[in-house]
Amino acid sequence: MSFSAVDHGMMARALQLAEHGLWTTSPNPRVGCVLVRDGKIVGEGWHEKAGEPHAEVHALRAAGELARGATAYVTLEPCSHHGRTPPCAEALVAAGVSRVVAAMSDPNPLVAGQGLAMLRAAGIETASGLLESEARELNIGFVSRMTRGRPWLRLKAAASLDGKTALNNGVSQWFTGPDARQDGHRWRARACAILTGIGTVRDDDPQLNVRAVATTRQPLRVVVDSKLETPLTARILQGGRVLIAAAVDDEKRANLLRSVGAEVLVLPNAAGKVELKDLLEELGRRGINEVHAEAGFKLNGSLLRERLVDELLLYLAPCLIGHAASGLFNLPELTTLDGKRCLQIRDLRQIGEDIRLIARPR
C-alpha cells in the first residue's frame with residue numbers, strides 16, 4: 001500500500017507524541033494519535049499512563065466535532081477489547097472518522113487485527129504498515145512480551161577501552177563521566193525492571209534506582225541471589241519495590257528479607273542456580289516490558305550464554321587499565337573463532353567524553 005507525504009508526516013508526528021509516554025505507560029504500549037481533516041491537525045494526544053485514556057481518546061476530545069470525516073493516524077492498531085478503558089476502535093467509529101492509518105497491528109492476542117476489522121465493518125477505510133519499524137522499536141518490550149512471553153532485556157555496562165569493568169581490588173567507580181551516567185539513568189527510567197546480581201549488591205551496594213533524571217515511576221528492582229545472601233542493610237532494599245530471585249527455599253532467610261519489604265521468589269534450576277529464563281517469563285507475566293540489566297561479569301555472562309540478552313548498551317571510557325582487571329562477560333574460552341558471538345551495531349555516538357554503543361546479537 002502506498003502512503004502520501006502527508007501520511008508520512010502525520011505518522012511521524014504521532015510517533016513523536018507516543019515518545020512522551022516512554023517512561024510512564026507500562027505495562028501498556030506507548031501510543032500517539034493525530035487527527036487530520038482538510039490537511040490540518042484538528043486533534044492529537046498520547047497515552048500517558050495505564051488505566052488512563054488511550055491516545056485516540058485524548059485526540060478525539062481535542063478535536064470535538066472536527067473529528068467527523070477526519071483521518072486518524074495511530075502508532076498502534078486501535079484496541080477492540082474492554083480492558084481498564086473502553087475500546088478505542090468503538091470511540092473512533094462513534095466520532096465518525098472516515099479513515100484510520102495504523103503504524104502496526106497490535107501483537108496483543110486480544111486485539112491482533114480485530115481493531116482494524118471492527119473499523120472496516122463500520123465502513124471506515126483502514127491501512128497499516130506506515131513507519132512500522134519505528135513503531136516497533138518504540139514498543140519493542142511490549143512486542144517481546146506479547147510474542148515471546150518475556151520482556152526485552154537490555155544489558156548495560158561501563159568499561160575502559162580495553163573492555164575492563166573493575167580493578168582486581170574491586171574498585172569500579174567511576175569509569176565514565178557524568179554525561180554518560182545521566183544517559184544511563186534515562187535508559188533505567190524507560191525500563192520496567194532493573195536486574196542485578198548478588199555480587200554487585202555485595203561489592204557495590206548500589207541503589208539501582210533512577211536519580212539523575214526526573215521520573216514519576218521507579219522500576220522494580222530484581223536481584224538474582226541464589227543463596228539468599230542479600231544483606232538486610234543493602235541500599236537496594238530501601239525505598240521501592242524489590243524482588244529477590246533465589247534458588248534455595250530457605251524460609252527463615254526469606255522471611256527476614258520479606259520483613260524489610262522484599263518479595264522472594266524461588267526459581268531453581270538443576271545446577272542450583274536461579275533459572276534465568278523462568279525469571280524473565282515470570283516478569284513477563286507481571287506486565288514487565290523492558291528489563292535493564294546492570295550486573296557483574298558473572299551474571300552478564302550467564303545472560304549471554306543462555307541467549308537472554310536482546311540488546312547491549314555499552315559505555316566505553318577513554319582509558320586503559322590493563323589485562324589483569326575484570327572483564328565484561330564471563331564467557332567460555334574459545335579455541336576457534338567459529339564460536340565468536342557476532343553483534344549488529346545499531347547506534348554509536350559520543351556522550352560527553354565517553355563512547356556509547358548499542359548493539360544486538362545477530
inquiry  = Is it the case that the side chain of R150 and the backbone of R285 share a donor-acceptor pair, with hydrogens and angles ignored and the cut-off at 3.5 Å?
reply    = no
inquiry  = If I compare all heavy atoms of N300 with all of A295, which pair ends up nearest, and what's the gap?
reply    = ND2-O, 3.5 Å
ask   = If you group Ile, Leu, Val, Met, Phe, Trp and Tyr by side-chain heavy-atom gaps below 4.5 Å, do L299 and W152 land in one group?
value = no
query = How about Q238: does its CD atom have over 12 heavy atoms from other parts shown lying under 6.0 Å from it?
reply = yes
key: Residues S302 and R305: side-chain donor-acceptor under 3.5 angstrom   = yes
query = Do H323 and D162 have a side chain donor and acceptor closer than 3.5 Å?
reply = no
Donor-acceptor under 3.5 Å (H47 side chain, T25 main chain) = no
inquiry  = side chain to side chain contact (heavy atoms under 4.5 Å, CB included), that's the test. Do L92 and L119 meet it? Break it down for me.
reply    = CA-CA 8 Å; L92 291 166; L119 295 167; 4.0 Å; yes
Chi angles and distances behind the salt bridge (charged side-chain N to carboxylate O under 4.0 Å, His left out) call for E251, R258 = CA-CA 10 Å; E251 197 62 23; R258 292 184 184 114; 3.2 Å; yes
ask   = Do N289 and R145 meet the criterion of a side-chain donor-acceptor pair at a distance under 3.5 Å?
value = yes
request  = Taking R37 for its side chain and V42 for its backbone only, find out whether a donor-acceptor pair lies under 3.5 Å.
outcome  = no
query = Do L320 and S160 come within less than 4.5 Å of each other through their side chains, counting heavy atoms only?
reply = no
inquiry  = Within this structure, what is the CG-CG distance for the pair D203 and D205, rounded to the nearest 0.5 Å?
reply    = 10.0 Å
inquiry  = Any carboxylate oxygen within less than 4.0 angstrom of a Lys/Arg side-chain nitrogen, looking at E229 and R202?
reply    = yes
ask   = Is it true that atom CD of Q344 has more than 12 heavy atoms of other residues, nucleotides or ligands lying nearer than 6.0 Å?
value = yes
inquiry  = Less than 4.5 Å apart, side chain to side chain, heavy atoms only: is that true for L312 and I358?
reply    = no
task = Check whether any side-chain heavy atom of L195 lies under 4.5 Å from a side-chain heavy atom of L279, and answer yes or no.
result = yes
task = Could you tell me which non-hydrogen atom of C79 sits nearest to which non-hydrogen atom of H54, and how far apart they are?
result = SG-ND1, 3.7 Å
task = Taking all non-hydrogen atoms of both residues into account, name the closest pair between V309 and P361 and its distance.
result = O-CG, 3.4 Å
query = CD of E290 to CG of N139: how many Å apart, nearest 0.5 Å?
reply = 8.5 Å
task = Give a yes or no on whether Y73 and L131 share a hydrophobic cluster (residues Ile, Leu, Val, Met, Phe, Trp, Tyr; joining criterion: side-chain heavy atoms under 4.5 Å apart).
result = yes
inquiry  = Under 4.0 Å between a side-chain nitrogen and a carboxylate oxygen: does that hold for R346 and E137?
reply    = yes
ask   = Hey, does T71 have a side-chain heavy atom less than 4.5 Å from the side chain of V6?
value = no
Same cluster (ILVMFWY, side-chain, under 4.5 Å), W187 and L283 = no
ask   = So do the side chains of V291 and L280 get within less than 4.5 Å of each other, counting heavy atoms only?
value = yes
query = Under 4.5 Å between side-chain heavy atoms, hopping through other hydrophobics if needed: is there a path connecting M118 to L116?
reply = no
ask   = Any side-chain heavy atom of H292 sitting closer than 4.5 Å to one from L313?
value = yes
request  = I would like to know whether N269 and V274 meet side chain to side chain contact (heavy atoms under 4.5 Å, CB included); could you show each step before the answer?
outcome  = CA-CA 6 Å; N269 63 17; V274 173; over 6 Å; no
request  = Please report the C-alpha distance between V31 and F142 in whole Å, then the side-chain angles of each, then the deciding distance to 0.1 Å, and finally whether the side chain to side chain contact (heavy atoms under 4.5 Å, CB included) criterion is met.
outcome  = CA-CA 11 Å; V31 183; F142 180 76; over 6 Å; no
task = Drop me the distance from E19's CD to R190's CZ, to the nearest 0.5 angstrom.
result = 9.0 Å
request  = Without swapping roles, check the side chain of D183 against the backbone of D179 for a donor-acceptor pair under 3.5 Å.
outcome  = no
task = With the side chain counted from C-beta on, respond yes when L243 and R286 share a heavy-atom pair under 4.5 Å apart, and no when they do not.
result = yes
ask   = Under the 3.5 angstrom rule, does the side chain of T215 hit a backbone N or O of R217 as a donor-acceptor pair?
value = yes
ask   = Between the side chain of D106 and the main-chain N/O of N108, is any donor-acceptor distance below 3.5 Å?
value = yes
message = Once rounded to the nearest 0.5 Å, what's the spacing between atom OG of S98 and atom CD1 of I124?
response = 8.0 Å
query = To the nearest 0.5 Å, what is the distance between CG (D7) and CE (M10)?
reply = 9.0 Å
query = What are the two closest non-hydrogen atoms of H58 and W46, and how far apart are they?
reply = CD2-O, 3.2 Å
key: Test: R61 and E44 ion pair at under 4.0 Å   = no
query = So, the side chain of T24 versus the backbone of E48: is there a donor-acceptor pair under 3.5 Å, distance only?
reply = yes
message = Has T165 got a side-chain atom pairing as donor or acceptor with G327's backbone, closer than 3.5 angstrom?
response = yes
Verify same cluster id: L276, I198 (apolar side-chain graph, 4.5 Å) = no
inquiry  = I'd like to know if the side chain of T75 reaches the main chain of A14, judged simply by a donor and an acceptor atom lying under 3.5 Å from each other, with no hydrogens or angles considered.
reply    = no
remark   = Partner of D310 under salt bridge (Lys or Arg N to Asp or Glu O under 4.0 Å), picked from R362, R360, R148, R154, is R148
4.5 Å side-chain heavy-atom contact, L22 and L138 = yes
query = Cut-off 3.5 Å, side chains only: do R181 and T176 have a donor facing an acceptor?
reply = no
message = For a side chain to side chain donor-acceptor pair (under 3.5 Å) check, start with the C-alpha distance between Q16 and R13, then their side-chain angles and the critical distance, and finish with the verdict.
response = CA-CA 5 Å; Q16 272 186 338; R13 173 58 183 162; 3.1 Å; yes
request  = Just do the side chain to side chain contact (heavy atoms under 4.5 Å, CB included) check on R356 and Q350 with the steps written out, would you?
outcome  = CA-CA 6 Å; R356 188 190 75 188; Q350 189 166 343; over 6 Å; no
remark   = Closest non-hydrogen atoms of E77 and Q114, given as atom of the first, atom of the second and distance, are OE2-N, 3.3 Å
task = Return the minimal non-hydrogen interatomic distance between A293 and L153, and the atom names on each side.
result = CB-CD2, 4.1 Å
message = Determine whether a donor-acceptor pair (N or O, by modelled atom type, separation under 3.5 Å) exists between the side chain of S144 and the backbone of I140.
response = no
ask   = If you round to the nearest 0.5 Å, how far is CD of E311 from CG of D347?
value = 9.5 Å
query = Distance only, no hydrogens: is a donor on one side chain within 3.5 Å (strictly under) of an acceptor on the other, for N209 and R211?
reply = yes
